[in-house]
Novice: 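Below is a structure I'd like to ask you about.
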Amino acid sequence: SGRYLAYVMYSEEDEKYALAVCDLADGSSAVYDDELRIKLVAVNDEGTVLYDEIDTTDYSTVVAMNLCAADLSKRLMIAYDVTDAVYDAKNQNAAFIKNDSLYICNVSSFVIDKYESIISDREHILVNEEVLGFADNILDEALLYITDAGLWIYEDGYSGAAVSGVDMSAQI
C-alpha cells in the first residue's frame with residue numbers, strides 16, 4: 001500500500017546489520033540490530049516485514065539462513081535453516097523451503113501476536129516434498145514452485161502439478 005517502509009543498514013565500524021521498519025502515515029519506526037546479514041523478502045500492507053537472516057563465512061558462503069518477521073512492535077523467527085522464502089500476499093502466507101520441503105506459514109497479525117520469539121512449528125503447513133525452488137510469479141495470484149516432476153501451483157490451500165518437464169533453468 002506504500003504506508004510501510006523497510007530497509008537494511010550496515011555499520012562497517014560495528015560490523016552489524018540493522019533492519020528499519022517505518023510507518024509513513026504516523027512517523028513511527030523501529031530498528032532491530034543483528035549480527036547476521038539481512039535480506040528483505042517482503043513488506044505486507046499490515047506493516048509486517050519478512051526477511052532472511054543469513055549466516056556466512058568470511059568468503060560470503062552461506063552457512064545457514066533463517067526466515068524472520070518484524071513489525072513496529074517486535075521481531076520473531078518463522079523458521080530456521082531455510083533455503084528459500086517468498087511471500088504469498090493473497091493469503092498472507094510466508095512460503096519457505098526447508099529440507100527440500102515446501103511449507104506455508106500464515107503471517108497475519110493474529111498469528112504473529114500469538115508468539116514472542118519464534119513461531120511454533122505447529123503453524124507450518126507441509127505442502128510438498130522434494131521441492132527444488134520457487135518460480136517467479138509476477139502476478140502474485142498463486143504460488144509457483146518446481147520439483148523434479150515439473151512446475152506446481154499452490155492456490156487456495158491446494159497444490160497440484162501444472163506443467164511437467166520444467167526444471168530450475170526454465171524461465172516462466
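These numbers come from the heavy atoms of this one structure, side chains and all, not from hydrogens, waters or symmetry mates. For clarity, every value in this text was computed on a predicted model and none was experimentally measured.
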Novice: Report whether Val21 and Leu36 are members of the same hydrophobic cluster (ILVMFWY, side-chain heavy atoms less than 4.5 Å apart, transitive linking).
Specialist: no

Novice: Using modelled atom types only, decide if a donor and an acceptor are shared between the side chain of Asp26 and the backbone of Ser28 within a distance under 3.5 Å.
Specialist: yes

Novice: As a test of understanding, state which of Asp34, Asp33, Val49 forms a side-chain contact (heavy atoms from CB on, under 4.5 Å) with Leu19.
Specialist: Val49

Novice: What distance do Ile97 atom CD1 and Leu67 atom CG have between them, rounded to the nearest 0.5 Å?
Specialist: 11.5 Å

Novice: Any heavy-atom pair between the side chains of Val63 and Thr57 that's under 4.5 Å?
Specialist: yes

Novice: If you look at every heavy atom in Ile38 and Val8, which pair is closest and at what distance?
Specialist: CG2-CG2, 3.6 Å

Novice: If we ignore angles and hydrogens, is there a donor and acceptor under 3.5 Å between the side chains of Thr48 and Tyr4?
Specialist: no

Novice: Just checking, any donor-acceptor pair under 3.5 angstrom between side chains of Thr147 and Glu130?
Specialist: no

Novice: Under a 4.0 Å threshold between the charged nitrogen and the carboxylate oxygen, would Arg37 count as salt-bridged to Glu53?
Specialist: no

Novice: Stepwise, does the side-chain contact (heavy atoms from CB on, under 4.5 Å) test hold for Glu123 with Val111?
Specialist: CA-CA 8 Å; Glu123 302 285 348; Val111 173; 4.2 Å; yes

Novice: What's the separation between atom OG in Ser29 and atom CG in Asp23, rounded to the nearest 0.5 Å?
Specialist: 9.5 Å

Novice: For Val107 and Tyr87, what are the C-alpha separation, side-chain angles and deciding distance, and is it a side-chain contact (heavy atoms from CB on, under 4.5 Å)?
Specialist: CA-CA 9 Å; Val107 289; Tyr87 179 63; 3.7 Å; yes

Novice: How many angstroms lie between CG in Leu132 and CG in Asp100, if you round to the nearest 0.5 Å?
Specialist: 7.5 Å

Novice: Membership question, hydrophobic clusters at under 4.5 Å side-chain separation (ILVMFWY): are Leu40 and Leu72 in the same one?
Specialist: yes

Novice: Which ILVMFWY residues can you reach from Tyr7 by hopping between side chains whose heavy atoms are under 4.5 Å apart?
Specialist: Leu5, Met9, Leu24, Val31

Novice: Test Tyr17 against every option in Tyr32, Tyr10, Tyr51 by the ring-ring contact (aromatic ring centres under 6.0 Å, His included) rule and name the one that passes.
Specialist: Tyr10

Novice: When rounded to the nearest 0.5 angstrom, what distance separates CG in Asn106 from CG in Asn91?
Specialist: 8.5 Å

Novice: Assess the residue pair Ser108 and Gln92 against the criterion (side-chain hydrogen bond (donor to acceptor under 3.5 Å, both in side chains)); give the C-alpha distance rounded to whole Å, side-chain angles, the decisive distance to 0.1 Å, and a yes or no.
Specialist: CA-CA 6 Å; Ser108 66; Gln92 291 186 317; 4.6 Å; no

Novice: Is the shortest heavy-atom distance from the side chain of Asp81 to the side chain of Met65 under 4.5 Å?
Specialist: no

Novice: Should Asp52 and Val41 count as side-chain neighbours, where that means a heavy-atom distance under 4.5 Å?
Specialist: yes

Novice: Got a second to check how far Glu46's CD is from Ser1's OG, nearest 0.5 Å?
Specialist: 10.0 Å

Novice: Within 45 degrees of the ring normal and closer than 6.0 Å to the centroid, is that where the cationic atom of Lys98 sits relative to Tyr80?
Specialist: yes

Novice: If we count only N and O atoms by modelled type, under 3.5 Å, do the side chains of Ser73 and Asp71 hold a donor and an acceptor together?
Specialist: yes

Novice: Got Ile125 and Tyr103 here, is their nearest side-chain heavy-atom distance under 4.5 Å?
Specialist: no

Novice: I want to check something: taking the side chain as every heavy atom from C-beta on, are Asn99 and Glu129 in contact at a cut-off of under 4.5 Å?
Specialist: no

Novice: Looking at the rings of Phe134 and Tyr145, which for Trp means the six-membered one, are their centres under 6.0 Å apart?
Specialist: no

Novice: Is it the case that one hydrophobic cluster holds both Tyr158 and Trp152, taking links as side-chain heavy atoms less than 4.5 Å apart, direct or via other members?
Specialist: no

Novice: Test Ile78 against Cys68 for side-chain contact (heavy atoms from CB on, under 4.5 Å), laying out the working first.
Specialist: CA-CA 5 Å; Ile78 297 172; Cys68 301; 5.8 Å; no

Novice: Strictly distance-based, threshold 3.5 Å: is any side-chain N or O of Lys74 a donor or acceptor partner for the main-chain N or O of Ile112?
Specialist: yes

Novice: Please tell me if the side chains of Ile118 and Leu76 come closer than 4.5 Å, counting only heavy atoms from C-beta onward.
Specialist: no

Novice: Flag yes if Val127 and Val163 sit in one hydrophobic cluster, no otherwise; membership is Ile, Leu, Val, Met, Phe, Trp, Tyr, and two members link when side-chain heavy atoms are under 4.5 Å apart.
Specialist: no

Novice: Is there a donor-acceptor pair under 3.5 Å between the side chain of His124 and the backbone N or O of Phe96?
Specialist: no

Novice: Before you tell me yes or no, could you show the steps for Val131 and Ile146 under side-chain contact (heavy atoms from CB on, under 4.5 Å), namely the whole-Å CA-CA distance, both residues' side-chain angles and the distance that decides it to 0.1 Å?
Specialist: CA-CA 6 Å; Val131 175; Ile146 299 172; over 6 Å; no

Novice: From Leu102 CG over to Thr83 OG1, what is the distance, rounded to the nearest 0.5 angstrom?
Specialist: 10.0 Å

Novice: So do the side chains of Leu151 and Leu144 get within less than 4.5 Å of each other, counting heavy atoms only?
Specialist: yes

Novice: Hydrophobic clustering (ILVMFWY, side-chain heavy atoms < 4.5 Å, transitive) - are Tyr115 and Val82 grouped together?
Specialist: yes

Novice: Going by heavy atoms in the side chains, are Asp156 and Lys90 under 4.5 Å from each other?
Specialist: yes

